[in-house]
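To find a chain, count down the sequence lines: A is the first, B the second, and so on, and within it residues start at 1. Side chains are part of it too, since the values below use all heavy atoms of this structure and drop only hydrogens, waters and symmetry mates.
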Amino acid sequence: MSNGITVTLPDGKELVLDANATVFDVASEIGPGLAKAALAGRIEGELVDLRRPLGADCSLSIVTTKDELGGSIIRHSAEHVMADAVKRLFPSAQVDAGRTDHSEKFQYDFLVDEPFTPEDLERIEKEMNNILSEGAVFDREVMTRDQAEELFRGLGEELKLSRLGDIPADAEITIFRHGKFADLCRGPHVHNTKQIGAVKLTEASGTYFRGDENGPKLQRIYGTAFESKKALKSYLARLEEAKKRDHRRVGQDLGLFHMDPLAPGSPFYLPKGMTLYNELVSFVQDLYPKYGYDEILTPQLFRADLFKTSGHYDKFHDDMYWFEGSDVGEELGVKAMNCPGHCHLFSTGKRSYRELPVRWAEFSRLHRNERSGTLNGITRVRSFAQDDAHIYCEPDQVAQEIDSFFKMTAEIYDKLGVDGIEMAVSTRPDEFLGEPEDWDVAEKALIDAVERAGFKCNIKEGDAAFYAPKVEADFRDVLGRAWTLATIQIDMAMPGRFDLRYVGRDGELHQPAMLHRAILGSLERFIGIYIEHTGGDFPFWLSPIQVVILPISDRHQERAYELKAALASKRVRAEVDDRSETLGFRVREGQTQKIPLTLVIGDDEVERGTVSPRLRKSKQAMDAMSAEALVEALSISNAERRKSPFA
RNA sequence: GCUGGCGUAGCUCAACUGGUAGAGCAUCGGAUUUGUAAUCCGAAGGUUAAGGGUUCGAGUCCCCUCGCCAGCUCCA
C-alpha cells in the first residue's frame, strides 16, 4: 500500500509526493528550471543521485550546477566519460581508480603499454566530446560482490578486481554505468552526460598502482570539466592569472632571488630578496621576548654520533649530507634540523624546574638532500632556514605552551594577512613509539588547542611521524596545492633518546616534555607562497624598496638625494631613479616593480619642501605634504609594520 | 628517485618537411631634461644546456649527462 510521503525542503516548505518518487520528481515538482539544472540531491544530508527514490519522509535539498558541489559531480562524471573514451580508443587499457577530490580537477590511472602522448590527449578529449553529445544516461546499480567480480573479470579489469577487494565485506557495492562503460563507484553522478557542458584534459603523468614504486607503472590523465564552456574558460583564465603570480616569475621580475643549476634547490638571495628575508626574521624575532623565547645558534656540522643518538642517522640518513672530517674516521653530518643540537645542549647542564619552560629558537640554515624530482622553485629546496624553536617543559605545561603557540601563530598570520589557513592534526601511524594512551592524550590536547585558537581543524588519520603527533597549518596556493607552514609536534622520543632530565620541585629527576614548533615554517617556502599570495604587492613594511624618488630633471637631483638620505636615516628604504628617461617611463617602472610609494620631485616640491606621494596602483598623486611629515609617517608605518605607508 | 614534457642572447619568444640563428625588452653609447604606466638613434650580445653520434650539412634526427616544469612518492 503506497501512501504519500512528506519531503521537507531547505526553506522549510513541505511537499507531499507519491511514495516511489525520486529526487528528480521533487525537482520537477518545484519547477522545470530546477529540474534542468538539477544534478543530485541530499537526503538527510547524504548525497544521492537524481533517480534515487526517496522511500520515506525526509528532508531534501537539490544540488545544481550552481553549487560548488555541483561542479564536483560534473567533474566526477566527466572522469567516467574520460575512462570511457580511453577504453574506446585503447581497448587493451586497464582502468584503475579516479580521484576522490573533484573540487578542481579529475583524474584516472590507466595500465597501458605506451605512455599517453599530447596527441593522445587531444584524441581522447575529442572522443569525450563525442560521448557527451551522445547524451548517455548514468545508471546506478547495486550488486553483490560476486556479480561485480564477474563483471570486471569479463571486462578484463584486473586492477578493478584488486580495488574491489579493498571494499569492506559489509559495504554496499555500487556500479555506475553510462553507455557501455561501467565502473565501481559511490556516485553520485549527473543524470545525463549532456549536463557536462565542457571538458578539458590538462596533463598526463606517470604514477604507480597504489603509490608503490615497486608496483605496476600506470599512466594518469588529469582534466577538468564545467557546466558550460564559459565556466571552463573563466577557470582557464584564472589559471593564467595564477601563472602570472608564480613566485619563480615574480621573484625574477622583482629581482628577489636567483636559482642556478650549479646549486639545485638552493636560492641565491639578491639584495631585495634578502631584505624581505631579513624583515621576516626581525618580525618573528621581535615577538620572541613577548612569548618567552630565547634565540640560540648551534653548529652547522656535527659528528655523526649526535644523529645516531637522535635517530636521524638511521631514519633520515639518505636525506642528509655526510662527509669525512679531517680526523681519521671522523664522520660529519651537515645539519638538516635543529632539534638534535638543541636536545644535546639541553642535556649539557643540570636543569631545574624553575627554568622551565626552556624555549630555544634558531634560524640556522639547514640542508636536506631532497630528491631531485621534489624540488620546486623556492617552495621546496635543499637549503633553507626555519623560524624554528624547541620547547622543553614540565608535562603539565604542554597545554599552555600549545595555546601560546597558536596565539603567536594567529598574531603573525594576522599581521602578514595570511588567511584561509586550515589546521590539520595528524594522528599516530601504524608504527609508533610510546603508549597508545599517551598518544590519545597528546592528540586530544592538540585538537582542543586548535579549536580554542579558533582555527578550522581537520584530522589526518595515521599521518604523524613515528615519534610525535603534530598539527600543521595547511595553506592552499592559487593552484589549489596545499603547503605546510606552521607546525607543532609533541615529541615522544627525543627526550628519552637524549636522556633529558630536570630536577623537579620534589627534588627528583624528571623527563621534560618536548615540543617542536615553527610558524612561518621554512622561510624559503613561506616567501615563495607569500609572493603568490600577494602577487608581489608586499605590505609596506616588507617591501624591499619602499619609496622611489623621481627627480623631474637634473636640477632636482640634489633634493631627491636629500630626501633619500632623510628617509634612510629613519630606516625607510628609498631609491632615487634619476635615469635619463621620461617621467612616465620611470613612474611605470615604479609601478611594475611594486614599489609602494612614488615621489616625483620638480620645481614645486623643491621650492616648498613638499612631496606629492603616489601610492602603488593609484592613478594619481595624493595631496602635497611636507617632507618632514612624510618621513615621520613612513617611519611610524615601519615601526608598526603597517600594510600601507599612511595608516 | 620515478613517469611525461621542456632547454635558442640577461628576460620573453621566432627560425616551413635538416640548408647562412632572428625580434622585442633589458644592457652599453649618444641625443633628449621630461609633471605621474613605455622618447629617439646607434652598438654590442649566441660553440642553440654539456658531451657524443647519424648526415655533404644538425637548433631541428638518435644516444647520454645536467637542469627546469607538471604529476607520483616524500616533506618545512
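- Going from atom CG of A/D96 over to atom P of B/rC72 covers 14 Å, rounded to whole Å.
- No salt bridge links A/K470 with A/D463; every basic N to acidic carboxylate O contact stays at or beyond 4.0 Å.
- Applying the side-chain contact (heavy atoms from CB on, under 4.5 Å) rule to A/K407 yields the partners A/Y291; only residues at least two apart in sequence or on another chain are considered.
- In this structure, A/F526 reaches neither bases nor backbone, as no heavy-atom distance under 4.0 Å exists between it and the strands shown.
- For A/R608, the CZ atom counts as loosely surrounded, since its 6.0 Å shell holds 12 or fewer non-hydrogen atoms of other residues, nucleotides or ligands.
- On the C1' atoms, B/rG30 is 43 Å away from B/rC66, given to the nearest whole Å.
- Listed by chain and number, the residues in a side-chain contact (heavy atoms from CB on, under 4.5 Å) with A/D260 are A/H258, A/L262, A/F268 (sequence neighbours excluded).
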Contact state string [nucleotides 30-38 of chain B, B base, S sugar-phosphate only, - no protein heavy atom under 4.0 Å]: -BBBBBBBB
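- To the nearest angstrom, P of B/rG4 lies 18 Å from CD of A/Q107.
- One interatomic measurement links the two molecules: CG of A/N338 to P of B/rA76, which rounds to 13 Å at whole-angstrom precision.
- In this structure, A/N376 reaches the B/rA70 phosphate: one of its side-chain N or O atoms is under 4.0 Å from OP1 or OP2.
- Other residues, nucleotides and ligands place no more than 12 heavy atoms under 6.0 Å from the NZ atom of A/K200.
- B/rA49 and B/rG7: their C1' atoms are spaced 6 Å apart (whole Å).
- Only the C1' atoms considered, B/rU8 is 30 Å distant from B/rG1, to the nearest whole Å.
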Identify all pairs in which a protein N or O lies below 3.5 Å from an N or O of nucleotides 49-51 of chain B, and state each distance.
none

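- A/Y222 does not qualify as a stacking partner of the B/rG71 base, lacking a centre-to-centre distance under 5.5 Å together with planes within 30°.
- On the C1' atoms, B/rC2 is 34 Å away from B/rG10, given to the nearest whole Å.
- Under a 4.0 Å N-O distance rule, the pair A/R555/A/D603 qualifies as a salt bridge.
- Across all strands, A/G255 comes closer than 4.0 Å to no nucleic acid atom at all (heavy-atom distances).
- Across the protein-nucleic acid pair, A/K243 atom NZ and B/rU12 atom C1' stand 13 Å apart, rounded to whole Å.
- Along RNA chain B, the nucleotide nearest to A/M259 and the one nearest to A/L520 differ in position, and the one closer to the 5' end is contacted by A/M259.
- In this structure, CD1 of A/I519 is placed 16 Å from P of B/rA76, rounded to the nearest angstrom.
- Aromatic ring pairs are classed by plane angle as parallel below 30°, tilted from 30° to 60° and perpendicular above 60°; the pair A/F406 and A/F455 is tilted.
- A cation-pi arrangement, defined by a distance under 6.0 Å to the six-membered ring centre and an angle within 45 degrees of its axis, is absent between A/R525 and A/Y530.
- The distance between atom CD of A/E370 and atom C1' of B/rC68, rounded to the nearest whole Å, is 17 Å.
- B/rC13 and B/rU32 have their C1' atoms separated by 31 Å, given to the nearest Å.
- Residue A/Q300 qualifies as enclosed at atom CD: its count of foreign heavy atoms under 6.0 Å is above 12.
- Rounded to the nearest Å, the gap between the P atom of B/rA15 and that of B/rC72 is 32 Å.
- Straight-line distance between the C1' atoms of B/rG19 and B/rU3: roughly 37 Å, to the nearest whole Å.
- Residues A/E362 and A/K335 are paired through a salt bridge, judged by an N-O separation under 4.0 Å between the basic side chain and the carboxylate.
- In this structure, A/L201 places its CG atom 19 Å from P of B/rG4, rounding to the nearest Å.
- Contact of A/R371 with B/rU73 (side chain to base): a donor-acceptor pair of N or O atoms is detected under 3.5 Å.
- Comment: A/E532 does not engage A/K244 in a salt bridge, judged by the lack of any side-chain N to carboxylate O separation of less than 4.0 angstrom.
- Rounded to whole Å, atom P of B/rU73 lies 12 Å from atom CZ of A/R380.
- Judged as a side-chain contact (heavy atoms from CB on, under 4.5 Å), and not counting sequence neighbours, the contacts of A/E461 are A/T427, A/I459.
- Counting only Watson-Crick and G-U wobble pairs whose two distances sit under 3.5 Å, RNA chain B takes part in these stems of three or more pairs: B:1-7 with B:66-72, B:10-13 with B:22-25, B:27-31 with B:39-43, B:51-53 with B:61-63.
- Toward the 5' end of RNA chain B, the nearer of the two residues A/Q219 and A/R525, judged by each one's closest nucleotide, is A/Q219.
- Screening A/E589, A/R614, A/R586 against A/L550 for a side-chain contact (heavy atoms from CB on, under 4.5 Å) leaves a single residue, A/R586.
- B/rU20 and B/rC64 are spaced 29 Å apart, taking the P atom of each and rounding to whole Å.
- Listed candidates were B/rG1, B/rA70, B/rA76. Nearest to the side chain of A/T484 is B/rA76.
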